[in-house]
Structures are given as C-alpha cells and as structure tokens.
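Report on the structure given below.
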Amino acid sequence: MSLPPIIEPRDVPPRACWTLEQAGVHPLLARLFAARGVTSADQLDDAPARLLPPDTLKGAASAAARLAEAIQRGQHICVVADYDCDGATACAVALRALAMLGAARETLHYVVPDRAVHGYGLTPEIVELARRGRPELLITVDNGIASLAGVAHARTLGLDVIVTDHHLPAREGDSVSLPDTPWIVNPNQPGCSFQSKALAGVGVMFYVLLALRAELRSRGAFAADAQPRLDALLDLVALGTVADVVRLDANNRRLVAQGLKRIRAGRMQAGVAALFAAAGREPSRASAFDFGFAIGPRLNAAGRLADMTIGIECLLTDDPLRALELAQQLDAINRERRDVEAGMREQAELRLQALLAQLDTPADPPSAVSIFDESFHEGVVGIVASRLKDRLHRPTFVFARGRDGLLKGSGRSINGFHLRDALDLMCKRHPAVLQRFGGHAMAAGCTIAEADLATFDAALQAVASEWLDPALLHHRLATDGPLPARWFDPAVAQMLDSQVWGQAFEPPLFDDVVEVTSQRLVGEKHLKLVVRHGGTLREAIWFGRTDPLPQRARLAYRLALDTWQGEQRLQMVVQAMG
C-alpha cells in the first residue's frame, strides 16, 4: 500500500558531542543529545530554577490578580475542563492549587463537556451548565481561545472569564480574533514573548498558578518561606504534557523531568499511583513512555467513550482506595476503546482499499485522505486517523456521525503540512463547508455536513498537492544509526529509559543490518524474531507485523527491557525495515 520508509541516520555534530562527553555525559547519551540539538551540558540542567519565569507569559499576571481577588472575596470559581488527558490534568492542577492557595473548597467547581453532546470548548451550552454552581468566575483550561460565542454569552450573564489555552487563536481573514475578555493566557496569542510556545494546556495553567502564588505573596497572604509547594503537582503537569504530544523543548523537558523524579520517588497524587497500578507499570521506573502509552490512554479513554469526570475525579481524590476503584474503571473503558478501535481500523482499511482501487496507481495514495463510515465512533476517530497517517504517510481525516447528524472529523498530519492552517485556507476557499474547526500543525478537528464530504476531501487534497513537495510524501525515518555491541546492555537500556524523550526530542531509534535466523508469529499478529547482531544472537519483536522478513534486513529498532515471569530480558522492538 505504501513504500517502506527511507532510513536516514541523524547528523551528530562532533563538537557538541565532544563538549557533552567532556562534561561527563555518557558517550552514547552525548551522541543522542547532540543529534537533537543539545550543545552544552547546561541545557540538560532540569532544576526547577531553570524554568522560564511566569512573568514573561503574557496575561499571567493579570489573570493572577483576578484569581487573587476571587480567593480573597470568597467568590465561586468554575473550571471549564476539556475531555482529554491534557484537559483533565489541567483541571486537577487548577483545583488542587487553588485550594492550596487559600480558596475554600466549597467555592471550587468544574464542568467538563461531553464530547458527543457539547462539542469542544466553552460553548454557550457549557456556560449554562457551569451556571448551576452559581460561579462568579470561569476559568477555561486547554480550551477557550477560539470560544468567542461562549465567552460572549458568559459576559452577558455577568460572569468573568479567564481563558488559559495553548491552541492557536481563531482567524477572520488575515486578522486574529480573540475572546472578549481582559484575561487571556496563551503563549500563542499575538504579542506574547514567552520563549516556549509549546506549553501544553496543563503547563499554561501551572504557570498561571505560579503567578498567582507570587501575587498572593505580594499581598501578604503568606511568607516566602511558608508558601504552598506547587511542585507537588508536577506529576500531573508532566503527565498532561507528554500525553498531549506537544513539542518537548527545554522548558517542557524540565517540567516532565521534575514530574518523573517525584513519581519515581513515590511522591505523586493517589490517582496517578492508581493509574500506574491499573496499567501494571512500576512508578519507581516511571518514564515518559509510560505517560504516552499507558497512563495517558487510560485517561483519554474516558473522554472518548464515557465521561471524563471519571478521570478528573481519579486525579482529584486523595483516597487511595477510591483512586484505585476509579483507575480500574478507566482501565476497563480503555479495553473497550481498544476493541472499538480494532473494529474501526478494520473497516477503515476496507474503505481505504476501495479508495485506492479506484486510482490508476493504487500503490501511491492521494496527497491527503478523508474517510467516513456510518459505523465509526466519534470518540475514536483521532486514533484511527493517526494509525492511517502512520501507514500512508499522508495527512488523514477520519469522520464519524455526531448525535446532531453532522460529521465530526479528526485529522493527523505529517511534517511539512500545517493541518490547522490548511483548514483555514479551505474555509476561505469554501466558506460554507467547514462549520467549525481548530487545532495544531499536526492534529486538528472539524465539523461538516455529510453532503459536503466530497468537497472537503477535494479541497484538502488540493491544498496538500500545493503545499507538499513530492519528497515530503515519502516517509523518511530519522534514526541514531548503528548501536555498538558494547552498549547492547540492560544497564544502557535503563539509562535511556530514565531520560525525557518525546515529540521533537524523539526517543532513541537505532538501525542495523542483521541476519534473521528465525521468525514466527505470536498472538497471531506480532512477528517474533531472533537476529544476529554484532556477532551475537538477539531477541526481537515487531508488533503488528505479520509478513515475514528476508534473511538479511536493515531494521530500525529501539531497546526495551521485557520482564517475563520475574526475569528481565533485553530485546529489540522493531519499528521499520529499510
């Protein structure tokens, strides 16, 4: 269906690598870090003091002043959350920190939209839902920057609104449209000089709370040596940051590193500990991989198939037994999500095969792909879009029918194609097609009528054909080159796992030419291998691969420690074949 990726080892600047080694960095890590743009050991310092200061985040000080006023006057505050892991952790961080900073618990409330009923963001309907708690102040987390109607509705009701978000603002023509409120905190709003534009929603909220603590301290609410320790919430900040797949720039890596250190030391929220237990993961060896592939998906599943209130309550409770009960519910929902996803992927493949069969060159997919099926579940379209995007290396949208009869689409993109900007251009060219849209460069969502699906598909393909050079349509897989045999060792694997890897600071991926000495299917859908690497036989596995490999192959793989019946083994987890 698509060509294998072109494996391209990253360049390793020799001077940067030498500088890091001279500073005491392990030679392998020095090579990996240098290839990812690190030029000095100073950049690897993850101390909290190295975090960017909150006073450089536009709007944080004014939002902090409004929050301080609300706390001191005993006003009721309602947090308007989002239904993904970033939104859930941001909500929990906000409520926990506001209580730590002096807000009476009975004045704190939250609402979270139902994906299928309310849609995304602060809509007028969500404002009405929030009014049930009689708030005087609303705080959006991980949403709100494009909620012009919702903020306007809240203001007509006499409610103040603080918007904390990290998404791109709405645009009207060539100008940016912002909600009508004096309190907007978003590193991606015009005029914000904050150096990290990649903060997740939970990161933005955490920075507002740092500013609030400074504001309250200046008002004499507490002394500097007796101020609340907001670093106790960094486990939640780290989880939401990794799960939202934002760019792990230096500031985000520091936030994640501090959160991981707390978890490994056993200092975490009861809900986080319960989620690790439900996922069968060991907190003392917590990694960013756990956040992205074990903990985050269990929280996200609630927002996809059920009610994210379950996830937020899990993160808010201090009762370990209650937390475990909720985590087990989330685990069960996640298993259901996997079943739904499997069925959708199978149906999507059939749709895709039918689409490609109509082409003159079936092995060469169109420049962008849009798929819809009546059986698709709205909460899982993003996952399926991501899987198809990875398989095809094309910008991909997957649509499901919402309860209102409209098609709700979730898109995933490839490097070189800014998905939200593409939707913006499509909206200008076809003003009546996109009823709502928003998102990022790599992920976006939209709502259209079924009658407009063909127009949407053609418009997306047209923009992709214009913007994507043919070379960008061939997947190029960046690797860290061969792994010397002396470093194929469990201690090295543990050292790699202990580092912070993620989006734009990708985990190590090595590539070597190996001799395949045996291969067999396990679980009917995974290829179990024994390969000769560096003169030694190694165990390897390729998840989701059923086709046999040639006797000699160039494999891209990561090192992984596998524990089976109490015994720890090192294996190669194959990602691709060049």
Side-chain angles (χ1 to χ4, degrees), residues 25 29 32-33 36-38 41-54 57 84-90 92-93 96-97 141-142 166 187 194-210 229-269 271-273 275-276 279 281-300 315 440 442 494-508 558:
V25 178
L29 285 179
L32 299 173
F33 291 151
R36 287 157 178 78
V38 177
D42 184 62
Q43 295 172 251
L44 302 173
D45 184 356
D46 58 19
R50 296 299 308 277
L51 289 170
L52 296 171
L57 182 59
D84 67 358
C85 185
D86 187 16
T89 52
V93 164
R96 284 184 170 277
V141 292
D142 193 30
H166 67 129
F194 193 70
Q195 292 179 18
S196 173
K197 302 299 182 183
L199 276 179
V202 67
V204 176
M205 189 66 240
F206 182 69
Y207 263 82
V208 170
L209 294 162
L210 290 176
R229 296 294 303 270
L230 296 183
D231 57 345
L233 303 173
L234 282 169
D235 57 335
L236 297 174
V237 177
L239 170 57
T241 298
V242 173
D244 212 45
V245 202
V246 294
R247 181 182 181 88
L248 286 193
D249 58 18
N251 202 65
N252 277 341
R253 290 202 308 276
R254 289 179 180 120
L255 290 171
V256 173
Q258 288 299 317
L260 285 172
K261 286 181 179 180
R262 295 191 64 84
I263 292 172
R264 290 169 188 160
R267 302 195 305 273
M268 70 199 95
Q269 317 307 317
V272 173
L275 285 165
F276 268 87
R281 302 283 178 146
E282 177 53 57
S284 64
R285 296 197 299 270
S287 68
F289 185 87
D290 293 326
F291 288 157
F293 294 93
I295 312 304
R298 282 167 169 79
L299 278 169
N300 278 328
L315 300 179
H440 299 288
M442 305 302 287
Q494 289 179 333
M495 176 186 71
L496 296 179
D497 285 345
S498 69
Q499 307 302 311
V500 175
W501 312 103
Q503 182 71 15
F505 204 80
E506 288 79 8
R558 61 180 178 85

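Taking a 6.0 Å sphere around CZ of Arg96, one finds it holds more than 12 heavy atoms contributed by other residues, nucleotides or ligands.
Between the Asp84 side chain and the Asn300 main chain, no donor and acceptor come within less than 3.5 Å of each other. Here the side chain of Asp290 pairs a donor or acceptor atom with the backbone of Ser287 at under 3.5 angstrom. Between the side chain of Arg50 and the main chain of Asp42, a donor-acceptor pair closer than 3.5 Å is present. Looking at Arg254, its side chain does come within 3.5 Å of a backbone N or O of Asp45 through a donor-acceptor pair. In this structure, the side chain of Asn252 does not engage the main chain of Thr241 through any donor-acceptor pair within 3.5 Å. A distance-only check finds no donor-acceptor pair linking the side chain of Arg267 to the backbone of Arg262 [under 3.5 Å]. Checked by atom type and distance alone, the side chain of Arg264 pairs as donor or acceptor with a backbone atom of Ser498 at under 3.5 Å.
Closest non-hydrogen pair, Gly240 versus Ala200, comes out as O-CB, 4.3 Å. Contact record, Glu282 with Phe276: C-CD2, 4.2 Å, taken as the closest heavy-atom pair. Here the closest non-hydrogen pair linking Leu233 and Ala97 is CD1-CB, 3.6 Å. Shown here for Ala279 and Ala294, the closest heavy-atom pair between the two residues is CB-CB, 4.1 Å. Here the closest heavy-atom approach between residue Asp46 and residue Ala257 is recorded as OD2-CB, 3.4 Å. Considering every non-hydrogen atom in both Ala238 and Gly259, the closest pair reads CB-CA, 3.9 Å.
Side chains of Asp249 and Ser196: a donor-acceptor N/O pair is present below 3.5 angstrom, by distance only. Side-chain N/O atoms of Gln195 and Asn251 include no donor and acceptor closer than 3.5 Å.
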Exercise. I would like to know whether Phe33 and Trp501 meet ring pair (Phe, Tyr, Trp, His ring centres under 6.0 Å); could you show each step before the answer?
Key: CA-CA 10 Å; Phe33 291 151; Trp501 312 103; 5.8 Å; yes
Quiz prompt | Check against side chain to side chain contact (heavy atoms under 4.5 Å, CB included), Leu260 and Phe291 | solution = CA-CA 10 Å; Leu260 285 172; Phe291 288 157; 3.6 Å; yes
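The aromatic rings of His166 and His440 lie tilted to each other, with the angle between the two planes from 30° to 60°.
Distance check: Leu255 CG to Leu248 CG gives 10.0 Å after rounding to the nearest 0.5 Å. Rounding to the nearest 0.5 Å gives a distance of 11.5 Å between CG of Asp235 and CD1 of Ile295. We find the CD-CG distance between Gln503 and Asp244 to be 10.5 Å, quoted to the nearest 0.5 Å. Summarising the geometry, atom CD1 belonging to Ile263 is positioned 9.0 Å from atom CD belonging to Gln269; distances are rounded to the nearest 0.5 Å. Distance check: Arg253 CZ to Arg247 CZ gives 9.5 Å after rounding to the nearest 0.5 Å. Atom-to-atom distance recorded for Arg281:CZ and Phe289:CZ is 6.0 Å, nearest 0.5 angstrom.
Counting only heavy atoms from C-beta outward, the side chains of Asp86 and Val141 never approach each other to under 4.5 Å. In this structure, the side chains of Phe505 and Val38 come closer than 4.5 Å at one or more pairs of heavy atoms. The shortest side-chain heavy-atom distance between Leu315 and Leu299 falls under the 4.5 Å cut-off. The closest side-chain heavy-atom distance from Phe206 to Leu236 is not below 4.5 Å. Side-chain contact between Met268 and Pro283: present, with at least one pair of heavy atoms (C-beta onward) separated by less than 4.5 Å.
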